[in-house]
Amino acid sequence: MMPGRFIVVDGVEGAGKTTQLAFMGDYLKRAGQQVVPTREPGGTALGEEIRDLLLSHRHDGMALTTETLLMFAARAEHLERIVRPALAAGRWVLCDRFTDATYAYQGGGRGLPLERIAILENWVQDDLHPDLTLLLDLPVAVGLERAGRRGAADRFEREEGAFFERVRAIYLERAKQRPNRYRVVDASRPVEAVRAEVEAILADWLERSDG
Ligand code: T5A
């Protein structure tokens, strides 16, 4: 059996990940793929409980080490229960955020040394990395304005603009360092323009995976 594909969509708040992931799922299903949509933190019952702890204001001031370990605890569960089995069964996993978000938010945003994140990444993931990461990039202010329309801000969305500028910078740096795995998409454009580019990228991937 052909192994599945692991595709991640990531980016700053309000970049349009959820919107584009829905289109991507439809597109891949029309192309005959079995799709598993999922997200981080979350994706499992335990992971969703951890997500609630991480995003809730009940734990404002959570220690950075605690926050990072909780992200990776949710990730370990997610990989074990959802991602690895789906890939082994030949499915396409479409994941809303992954480890790049830890580098960007806990590393860039909060200042955790990136080497510490790398240690956890190696431990939890072994050699599992996304086949493709779509970085939806846009000015921080535009993303925050979009996210703000949705209502109450979670524990991360309450951070100031400079935090998200650091987050965005790390995402862009990681994409630049790994051009084979990342595609940076200008997400400041209207939904349909972003969708067209994302689908063109997927079409390319489908062609490659036919072999
Ligand atoms: N986190 C996560 C970490 O700190 N470390 C980690 O390791 C991980 C995995 C939750 C938080 O967890 C943090 C980062 C996050 O703060 P989340 O819920 O996935 O993660 O993150 P959010 O960014 O909060 O998700 P959002 O739902 O805000 O953003 P999306 O999914 O990027 O955006 P979407 O599609 O919901 O769109 C937002 C609004 O904009 C509109 C939509 O209709 C919607 O109203 N929109 C557009 N408007 C105009 N033009 C476009 N092109 C648009 N696309 C969407």
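Counting starts at 1 for both ligands and their atoms, following the listed order.
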Can you find a pair of side-chain heavy atoms, one from M24 and one from L21, that are under 4.5 Å apart?
-> yes
Ignoring hydrogens and geometry, is there a side-chain-to-backbone donor-acceptor pair from E48 to G43 under 3.5 Å?
-> yes
Heavy-atom check, side chain of E159 versus side chain of R110, under 4.5 Å = yes
Determine, for E80 against R84, whether the closest basic-nitrogen to carboxylate-oxygen distance falls under 4.0 angstrom.
-> no
Ignoring hydrogens, just give me the one of Q106, E145, E13 whose non-hydrogen atom is nearest atom 15 (C) of ligand 1.
-> E13
Please indicate whether E173 has more than 12 foreign heavy atoms, meaning atoms of other residues, nucleotides or ligands, lying under 6.0 Å from its CD.
-> yes
Residue part near ligand 1, for Q20, under 4.0 Å between non-hydrogen atoms = neither
Straight-line distance of Q106 CD to E67 CD, nearest 0.5 Å | 4.5 Å
Output yes when R97 and E13 qualify as a salt bridge under the 4.0 Å nitrogen-oxygen rule, no when they do not.
-> yes
In the protein, which heavy atom is nearest to atom 28 (O) of ligand 1, and how far is it?
-> R150 NH1, 2.4 Å
With heavy atoms only and a cut-off of under 4.0 Å, state how L55 meets ligand 1: side chain, backbone, both or neither.
-> side chain
Is the backbone N or O of F156 less than 3.5 Å from a side-chain atom of D154, with the two atoms forming a donor-acceptor pair by type?
-> yes
Considering only the protein, which heavy-atom contact is closest to atom 38 (C) of ligand 1, and what is its distance?
-> G14 CA, 4.3 Å
Does A15, backbone or side chain, put an N or O under 3.5 Å from an N or O of ligand 1?
-> yes
Shortest protein heavy-atom distance from atom 6 (C) of ligand 1, along with the residue and atom involved = M71 SD, 3.3 Å
Closest candidate by heavy atom, reference atom 48 (N) of ligand 1, pool R155, E40, R146 | R146
Within the structure, does R149 bring an N/O atom to less than 3.5 angstrom of an N/O atom in ligand 1?
-> no
Under 3.5 Å between some N or O of ligand 1 and some N or O of R51?
-> yes
Where ligand 1 meets V191 - atom numbers and elements under 4.0 angstrom, heavy-atom basis = 50 (N), 51 (C), 52 (N), 53 (C), 54 (N)
Go through ligand 1 atom by atom and flag the ones less than 4.0 Å from a non-hydrogen atom of P190.
-> 52 (N)
Looking only at heavy atoms, is any part of A104 under 4.0 Å from ligand 1, and if so is it the side chain, the backbone, or both, or is it neither?
-> neither
If you have a sec, work out which protein heavy atom is nearest atom 31 (O) of ligand 1 and how many Å separate them, to one decimal?
-> T18 OG1, 2.5 Å
V194 N/O to ligand 1 N/O under 3.5 Å = no
Look at atom 8 (C) of ligand 1 and say which protein heavy atom is nearest, naming residue and atom and giving the distance to 0.1 Å.
-> A101 CB, 3.5 Å
Looking just at side-chain N and O atoms, do R116 and T65 make a donor-acceptor pair shorter than 3.5 Å?
-> no
Mind checking whether D96 and E40 have side chains closer than 4.5 Å, heavy atoms only?
-> no
Within-4.5 Å side-chain heavy-atom neighbours: V8 and L132 | no
Is the closest side-chain donor-acceptor distance between E121 and Y103 under 3.5 Å?
-> yes
Where on T99 is there a heavy atom closer than 4.0 Å to ligand 1, on the side chain, on the backbone, on both, or on neither?
-> neither
Interfacing atoms of ligand 1 (cut-off 4.0 Å, heavy-atom, R97) | 2 (C), 9 (C), 14 (C), 15 (C), 17 (P), 19 (O), 20 (O), 21 (O), 22 (P), 23 (O)
Counting both backbone and side chain atoms, is some N or O of E67 under 3.5 Å from an N or O of ligand 1?
-> no
Quick one: nearest non-hydrogen protein atom to atom 7 (O) of ligand 1, plus distance?
-> T102 OG1, 2.6 Å
Please confirm whether R75 comes under 4.0 Å of ligand 1, counting heavy atoms of the residue only.
-> yes
For E157, take its heavy atoms, then give the atoms of ligand 1 lying under 4.0 Å from any of them.
-> 24 (O), 28 (O)
Only one of T133, D10, D100 passes side chain to side chain donor-acceptor pair (under 3.5 Å) with Y182, and that residue is D100
Within 4.0 Å of atom 51 (C) of ligand 1 (strictly less), any protein heavy atom?
-> yes
Quick note on ligand 1: atoms under 4.0 Å from a heavy atom of K17 include exactly 21 (O), 22 (P), 23 (O), 25 (O), 29 (O), 30 (P), 31 (O), 32 (O), 33 (O), 35 (O)
Check: D154 N/O within less than 3.5 Å of ligand 1 N/O = no
Specify the protein heavy atom at minimum distance from atom 55 (C) of ligand 1: its residue, its atom name, and the distance to 0.1 Å.
-> T19 OG1, 3.5 Å
Is it true that R168 and D137 make a salt bridge, defined as a side-chain N closer than 4.0 Å to a carboxylate O?
-> yes
Atom 33 (O) of ligand 1 sits nearest the protein heavy atom G16 N, 3.2 Å
Between the side chain of H59 and the main-chain N/O of R155, is any donor-acceptor distance below 3.5 Å?
-> no
Any chance the side chains of R166 and Y105 put a donor and an acceptor closer than 3.5 Å?
-> no
Taking only heavy atoms of D96 into account, list the atoms of ligand 1 that are under 4.0 Å away from them.
-> 19 (O)
